[in-house]
There are 2 protein chains.
Amino acid sequence: MAGPDRKPTIIDVARLAGASIKTVSRVINKERYVSPDMQERIEKAVAELGYQPNMMARSLASERSNLIGHLYGDAGGPYTLEIQVGLLNRCRDHGYHLMIEEIDYRSANVEQRASAIVNQMRLDGVVLTAPVTDNPVVLRILEDAGVPYVRVTPQQESETSPSVRIDERQAAYTLTQHLLALGHRRIGFIKGKANHTATILRYTGYCQALTDAGVAVDPVLVEQGEFTYASAVPCARRLLDQHNRPTAIFASNDEMAAAVVAEAHNRSFSLPAQLSVVGFDDTPLAEMMWPPLTTVRQPVREMAEAAADILIGLLSQRGKVDWPKPVPHQVLAHTILLRQSTARPPAKG
Amino acid sequence: MAGPDRKPTIIDVARLAGASIKTVSRVINKERYVSPDMQERIEKAVAELGYQPNMMARSLASERSNLIGHLYGDAGGPYTLEIQVGLLNRCRDHGYHLMIEEIDYRSANVEQRASAIVNQMRLDGVVLTAPVTDNPVVLRILEDAGVPYVRVTPQQESETSPSVRIDERQAAYTLTQHLLALGHRRIGFIKGKANHTATILRYTGYCQALTDAGVAVDPVLVEQGEFTYASAVPCARRLLDQHNRPTAIFASNDEMAAAVVAEAHNRSFSLPAQLSVVGFDDTPLAEMMWPPLTTVRQPVREMAEAAADILIGLLSQRGKVDWPKPVPHQVLAHTILLRQSTARPPAKG
DNA sequence: GGGGACGATGGCACCGCTGTCATTCCCCTT
DNA sequence: AAGGGGAATGACAGCGGTGCCATCGTCCCC
């Protein structure tokens, strides 16, 4: 009845099972060389005491923390969350835990902070999402610390770290083709935040599709947004104010597409009859707005799962230090979702 | 040049500074009783070696992990993310790290999983969000482990743990009053998922406002949704199909309000002239849909920050074991956002 | 001038586990 | 019968810090 009140340790288990702590450790870690009889006794003792190994002690002794970190820059909407859900799915199944850290990549002490996170916590591995994926300071710290990391949608593939992505350029290309196929020739474009990978790739895809169709890219139809609703409002205004205004607008993400739609509603346009709009990302928003938005779905969760798989795969081969070369670069399939925000352009008056 | 290649430890620092490791430890932990001279020498040594204390070792020895856990049930959209951002803000400032774990509260091994998370990782404290806030199994595990926790928007305040919330009943009351003041008398209501705290409180506020205004609650106007867009579509249909249909609809969250709006658009209603719609939560969606949605903003991030503050406040008083009694229950202010989805009802034909 | 009180520092056990190596026992070979 | 090899187990030294207590020198005060 009395019993020690503190949490049971491996020593208590060993004592109760009549074994050495090392043997208990073997059972806990599912190592070989334990007789079935002994195994059973120990498992019983574990159950009886409700023993749970202390991760801190374990990590200290084994130099493995079983911690995976997710470093991100902007807590950008549903994207970040989906990433986390994906990571969590895998972590759970493989006994890892997820630590999340936001890194203000603009701040002066990025270095200090990133270093503290990586080195103090002794993370086993790290997953990077934009815009930290391409931050040289962070990457160097990771390299120096010898912590394996996987980048989701990096600007540029590297030989030292794996990556996961979709072909954004191709997606933008296809989406633009869709508009062209409907008969649109004046297609406006709202870019995302400067220097973001996505911004560049999506824009490139748009340009290429136009060019391939023999349509010139008209700079008057290209606006610079920042991936936010607010940033896109003036862009939409300028585009729709033109005397020879575009019959379709490609916004670099759904949020900005929503701004275009709102602005069109303001002017009492009937959508999609008078204006086609497409977005990118398939955020929940896309399906809930009116009219439902034609957009591209990135399998974000699956991408995160793939990243986790790659990471955990490596970590499981203790002893090996380095990535296999060449390091894996996965490209997952995207989906073009044709909804009701696109239609043929209005007949020429 | 040669120097040890492994990460420097406190011993290296002590040696370099000509001090004992204990004194170095004092400096690292900002304890008192270190002479300025000694302090400076040690700080210099730390900088020179780029020393970073090993959290694992520190935790093991001190029985503090500096880890705060966020346990949640559904990764419900922007809400969860906002919570995390809030928590992160505080963790960062106080030297804590955030571990996130999803708990499938329907699964059979909730107990095992929750226990593993709490006990193995030796979390210093935990923040709970719906629907784990009220899971008796999880709560018991936390209590047993003696891990302090704060609940965000719990179903019921408890004497053993602090909570943070807004007055949802009051918010729903006010919002309903707004509709009444515009002249609406037939106000539809779409409830959230059964058993959720929010569902009950919001509905109660609605009923009370009606009653106080001398309007009877008509069960025909009350539909049961599940907080999702899809679940609300049939609800919206049924409400709008009625011969004497409501002139306004109160959806228990924005997502369901979006479904109502979409359904109204489908029928080519002009909003808000023919139908007023209100939601709850002020998700990003609310501002981006058309027309922009009148809704209630919960200061989610601030709530998370408050929760973290409460938790960290307690943790900083090491030695004290228990919450001060009575434990704090914070109620933050909400905001009613009047946008363009509400108007006076159409004049009686 | 003796006795505190207090500032400053160090010594050392110990937190709970894993890695390494030694040991024992058994069966199999030659 | 001796030797060899592998399965099963244990002893023990850390991993890198912190907590507690001892020590030492000063300054102060009656």
Side-chain angles (χ1 to χ4, degrees), chain A residues 4-43 45-46 49-67 95 116 119-122 124 318-319, chain B residues 4-43 45-46 49-67 95 116 119-122 124 318-319:
Chain A
D5 203 359
R6 48 178 189 64
K7 287 204 174 68
T9 74
I10 199 171
I11 299 183
D12 301 318
V13 177
R15 191 146 36 209
L16 181 58
S20 72
I21 60 174
K22 180 65 223 191
T23 304
V24 175
S25 170
R26 286 198 181 88
V27 172
I28 303 289
N29 293 294
K30 305 198 201 316
E31 289 174 23
R32 302 176 357 172
Y33 303 141
V34 178
S35 67
D37 163 59
M38 178 64 96
Q39 166 138 1
E40 194 187 340
R41 268 158 54 210
I42 292 178
E43 276 166 357
V46 166
L49 294 171
Y51 167 72
Q52 312 245 136
N54 180 326
M55 286 300 299
M56 300 302 168
R58 212 207 271 245
S59 303
L60 180 58
S62 68
E63 320 245 88
R64 311 191 58 203
S65 63
N66 285 304
L67 250 33
N119 294 310
Q120 295 189 13
M121 301 304 296
R122 301 295 202 265
D124 282 348
R318 304 287 302 156
Chain B
D5 203 0
R6 48 177 189 64
K7 287 204 175 66
T9 74
I10 198 171
I11 299 183
D12 302 318
V13 176
R15 192 146 34 211
L16 181 58
S20 72
I21 60 173
K22 181 64 228 192
T23 303
V24 175
S25 171
R26 284 198 182 89
V27 172
I28 303 290
N29 292 292
K30 305 198 202 315
E31 288 174 24
R32 303 175 355 173
Y33 304 139
V34 178
S35 66
D37 163 59
M38 178 66 96
Q39 166 138 0
E40 194 188 338
R41 268 158 54 210
I42 292 178
E43 277 167 357
V46 166
L49 294 170
Y51 167 72
Q52 313 244 140
N54 180 326
M55 286 301 297
M56 300 302 168
R58 213 208 272 244
S59 303
L60 179 58
S62 67
E63 321 246 89
R64 311 191 59 203
S65 63
N66 285 305
L67 250 33
N119 293 312
Q120 295 189 12
M121 301 306 296
R122 301 297 202 262
D124 282 348
R318 307 284 304 153

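A quick note: this is a predicted structure, and the numbers were derived from the prediction, not measured. Within every chain, numbering begins at 1; the chains are lettered A, B, ... in the order of the sequence lines, protein sequences first and strands thereafter.
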| task | Enter the distance from B:I10:CD1 to B:R15:CZ here, rounded to the nearest 0.5 Å. | result |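 Going from CD1 on B:I10 over to CZ on B:R15, the span is 12.5 Å.
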| task | Output yes when at least one side-chain N/O atom of B:R58 is less than 4.0 Å from OP1 or OP2 of D:dT18, else no. | result |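 For D:dT18, OP1/OP2 do have a side-chain N/O of B:R58 under 4.0 Å.
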| said: Holding to side chain to side chain donor-acceptor pair (under 3.5 Å), I want the full list of residues that pass it with B:T23, two or more places apart in sequence or in another chain. | reply: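 With neighbours one apart ignored, the set is B:S20.
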Please produce a list of atom pairs where a protein N or O lies less than 3.5 Å from an N or O of nucleotides 4-7 of chain D.
residue : atom : partner : partner atom : Å
D:dA7   : OP2  : A:Y33   : OH           : 2.7

| request: Select base, sugar-phosphate, or nothing to describe what B:M56 touches, counting heavy atoms under 4.0 Å on all strands. | output: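 Counting heavy atoms under 4.0 Å across all strands, no contact is made by B:M56.
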| said: Any non-hydrogen side-chain atom of A:N66 less than 4.5 Å from a side-chain atom of B:M121? | reply: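 No - every pair of side-chain heavy atoms lies 4.5 Å or more apart.
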| query | To the nearest angstrom, how far is A:I11 atom CD1 from D:dC12 atom P? | reply |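 Nearest whole value for this atom pair: 14 Å.
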| request: Check B:I42 against B:A19 and note the closest heavy-atom contact, atom names and distance. | output: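 So the minimum-distance heavy-atom pair works out to CD1-CB, 4.1 Å.
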| query | In whole angstroms, how far is the C1' atom of C:dT9 from the CZ atom of B:R41? | reply |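 That distance rounds to 11 Å.
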| side chain to side chain contact (heavy atoms under 4.5 Å, CB included) between A:R41 and A:V27, worked out | CA-CA 10 Å; A:R41 268 158 54 210; A:V27 172; over 6 Å; no
| field | N/O (side chain, A:S25) to phosphate O (OP1/OP2, C:dC17) under 4.0 Å | value |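 Looking at the OP1 and OP2 atoms of C:dC17, neither is under 4.0 Å from any side-chain N or O of A:S25.
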| said: Just the rounded figure in Å: distance from C1' of D:dG16 to CZ of A:R64. | reply: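 Distance check: A:R64 CZ to D:dG16 C1' gives 19 Å.
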Quick one: which protein N/O atoms are closer than 3.5 Å to N/O atoms of nucleotides 11-15 of chain C? Pair and distance per line, please.
residue : atom : partner : partner atom : Å
C:dC15  : O2   : B:A61   : N            : 3.4

| task | Take the protein atom CD1 of A:I10 and the nucleotide atom P of C:dG19, then report the distance between them rounded to whole Å. | result |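 Atom CD1 in A:I10 sits about 11 Å away from atom P in C:dG19.
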| request: Please indicate whether B:E31 has more than 12 foreign heavy atoms, meaning atoms of other residues, nucleotides or ligands, lying under 6.0 Å from its CD. | output: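 Yes.
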| message | What verdict does the side chain to side chain contact (heavy atoms under 4.5 Å, CB included) test give for B:M38 and B:R26, after you've listed the backbone C-alpha separation in whole Å, the side-chain angles of each residue and the deciding distance to 0.1 Å? | response | CA-CA 11 Å; B:M38 178 66 96; B:R26 284 198 182 89; over 6 Å; no
| field | For atom NZ of B:K7 and atom P of D:dG16, their distance in whole Å | value |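 So the two atoms are 10 Å apart, to the nearest Å.
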| query | What's the CD-C1' distance between A:Q39 and D:dA8, to the nearest Å? | reply |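 Result: 13 Å.
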| Nucleotide D:dG16, atom P - distance to CZ of A:R122 in whole Å |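 Going from CZ in A:R122 over to P in D:dG16 covers 8 Å.
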| task | Please determine, for the side chain of B:E31, which listed nucleotide (D:dG19, C:dT9, D:dG10) has the closest atom? | result |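 Taking heavy atoms from C-beta onward, the closest nucleotide is D:dG19.
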| request: Starting from the 5' end of DNA chain C, give me the residue, A:N29 or B:V24, whose nearest nucleotide shows up first. | output: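 Result of the comparison: B:V24.
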| Nearest-0.5 Å distance that lies between atom CZ in A:R58 and atom CZ in A:R64 |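 Rounded to the nearest 0.5 Å, the CZ-CZ separation comes to 9.5 Å.
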| said: Distance check, rounded to the nearest 0.5 Å: B:N54 atom CG versus A:M56 atom CE? | reply: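 One gets 10.5 Å once the value is rounded to the nearest 0.5 Å.
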